[in-house]
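If you read the sequence from its start, that first residue is 1, and numbering goes on from there. Atoms within a ligand are numbered from 1 in the order they appear, just like the ligands themselves.
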Amino acid sequence: MPAQHRIIIDTDPGQDDAVAILLALASPEIEVLGITAVAGNVPLALTEKNARKVCELAGRPDMKVFAGAIRPLVRKLETAEYVHGKTGLDGPELPEPTMPLQDQHAVDFIIKTLMKEKQGTVTLCPLGALTNIALALIREPRIASRVKEIVLMGGGFFEGGNVTPAAEFNIYVDPHAADVVFRSRIPIVMMPLDVTHKALTSPARLAAFRKMGSRVGIATAEMLEFFERFDGEKYGTDGGPLHDPCVIAYLLKPNLFKGRKVNVAIEIGSELTMGMTVVDWWGVTKRPKNATVMRDIDADGFFALLVERLGRL
Ligand code: BDR
Ligand code: CA
């Protein structure tokens, strides 16, 4: 049976990106056409390497990984080693990858795939800054009408920001790219901090990964233990938010999430609120509804899905 979802994952791994990739590769409903790396949590040379490490961990050295933008469109790259460690994937000892990086540039791969595949059949899943997606839209605007939808992790509204009081990291790193994407008219599903801050790890949830006893289960527990250290301290919670896997979980079980179709505009003018996702939750403007913004998650259902799927690898 053909997969229900054919996707390109655009990512900056990152421990939570890694879990999202594992979830996608473990799920028969999803065909991953390729993984495109972008600079974000750590520089591009590390994110593309980490993406390959994760594919090998999943037993998928055949996966195609492409390197994309080395820096944001306008602003200087800001990375987040303080969260993810100096490799971006600190926690487990993962071997250096032996699978190749593809020669083709990530942006060319995105464009070529969308132009070649049947219209409305490919979903883009950005888990980092939106630089590669914006560059693809700028270079080949016809792709906008060919994408099925974009399901992304980024932004925050009721919850505020996590890198400035107003902005979430992925949007803040490249707000100009986010502006291009949110104006593209491609249907967008947005997983903001409002959702991901409810998808918290806990000792019991981490123990479930460790109990699998497999390489994937143990590496996942080690990654998340490292990752939650920073966020647990920052938010005073027992665990850390598992942001990026929400994107893939939505494809598999959309009913885990609740949200509303609204207008989202990106702040690119003010330094104080740069990268803020301005969500018109109450419909007080006439601006077009360009995104479904999620606000709630069934966190137990989400973790049950993760454990069940990662247990297959
Ligand atoms: C986002 O920023 C990154 O550090 C995470 O991987 C996630 O994509 C959360 O703000
Ligand atoms: Ca990420």
When you measure from the side chain of Asp296 to the backbone N and O of Val195, does any donor-acceptor pair fall under 3.5 Å?
no
Check: His243 N/O within less than 3.5 Å of ligand 1 N/O
no
Is Thr47 reaching over with its side chain to a backbone N or O of Val38, donor-acceptor style, under 3.5 angstrom?
yes
Are Met115 and Phe66 linked, directly or through intermediate hydrophobic residues, by side-chain heavy-atom contacts shorter than 4.5 Å (ILVMFWY only)?
yes
Just by distance, with hydrogens left out, do His243 and Asp16 show a side-chain donor and acceptor under 3.5 Å apart?
no
Passing option when Glu29 is tested against Lys253, Arg6, Arg309 for salt bridge (charged side-chain N to carboxylate O under 4.0 Å, His left out)
Arg309
Of all protein heavy atoms, the one nearest atom 8 (O) of ligand 1 is Asp244 OD1, 2.7 Å
Numbered atoms of ligand 1 (with element) below 4.0 Å of Phe169, judged on heavy atoms:
2 (O), 3 (C), 4 (O), 10 (O)
Side-chain donor-acceptor pairs under 3.5 Å in residues 206-216, sequence neighbours left out?
unit_1: Arg210; atom_1: NH2; unit_2: Glu225; atom_2: OE1; d: 2.9
unit_1: Arg210; atom_1: NH2; unit_2: Glu225; atom_2: OE2; d: 3.4
unit_1: Ser214; atom_1: OG; unit_2: Gly217; atom_2: N; d: 3.0

How far is atom 10 (O) of ligand 1 from its nearest protein heavy atom, and which residue and atom is that?
Glu168 OE2, 2.4 Å
Using side-chain heavy atoms (C-beta onward) and a distance below 4.5 Å, is Val163 in contact with Glu168?
no
Say whether His84 and ligand 1 are in contact under the criterion: heavy-atom distance to a ligand atom below 4.0 Å.
yes
If you measure from each non-hydrogen atom of Val163 to ligand 1, which part falls under 4.0 Å: side chain, backbone, both or neither?
neither
Exam field: side chain Asp280 to backbone Val262, donor-acceptor pair closer than 3.5 Å
no
From Ser27 OG over to Arg312 CZ, what is the distance, rounded to the nearest 0.5 angstrom?
6.5 Å
Cut-off under 3.0 Å, centre the Ca ion (ligand 2), protein N/O/S atoms
Asp12 OD1, Asp17 OD1, Asp17 OD2, Leu127 O, Asp244 OD2
Does ligand 1 have any atom that is closer than 4.0 Å to a heavy atom of Asp16?
yes
Judging by distance only, is a nitrogen or oxygen of Asn170 under 3.5 angstrom from one on ligand 1?
yes
If the cut-off is 4.0 Å to any non-hydrogen atom of Asp17, which atoms of ligand 1 fall inside it?
6 (O)
Among non-hydrogen protein atoms, atom 4 (O) of ligand 1 lies closest to Asn41 OD1, 2.6 Å
Does one side chain, of Glu31 or His5, offer a donor that lies under 3.5 Å from an acceptor on the other?
no
Taking the six-membered ring of Tyr172 as reference, does the NZ or CZ atom of Arg75 fall below 6.0 Å from its centre and within a 45° cone about the axis?
yes
Geometric N/O contact Leu127 with ligand 1, under 3.5 angstrom:
yes
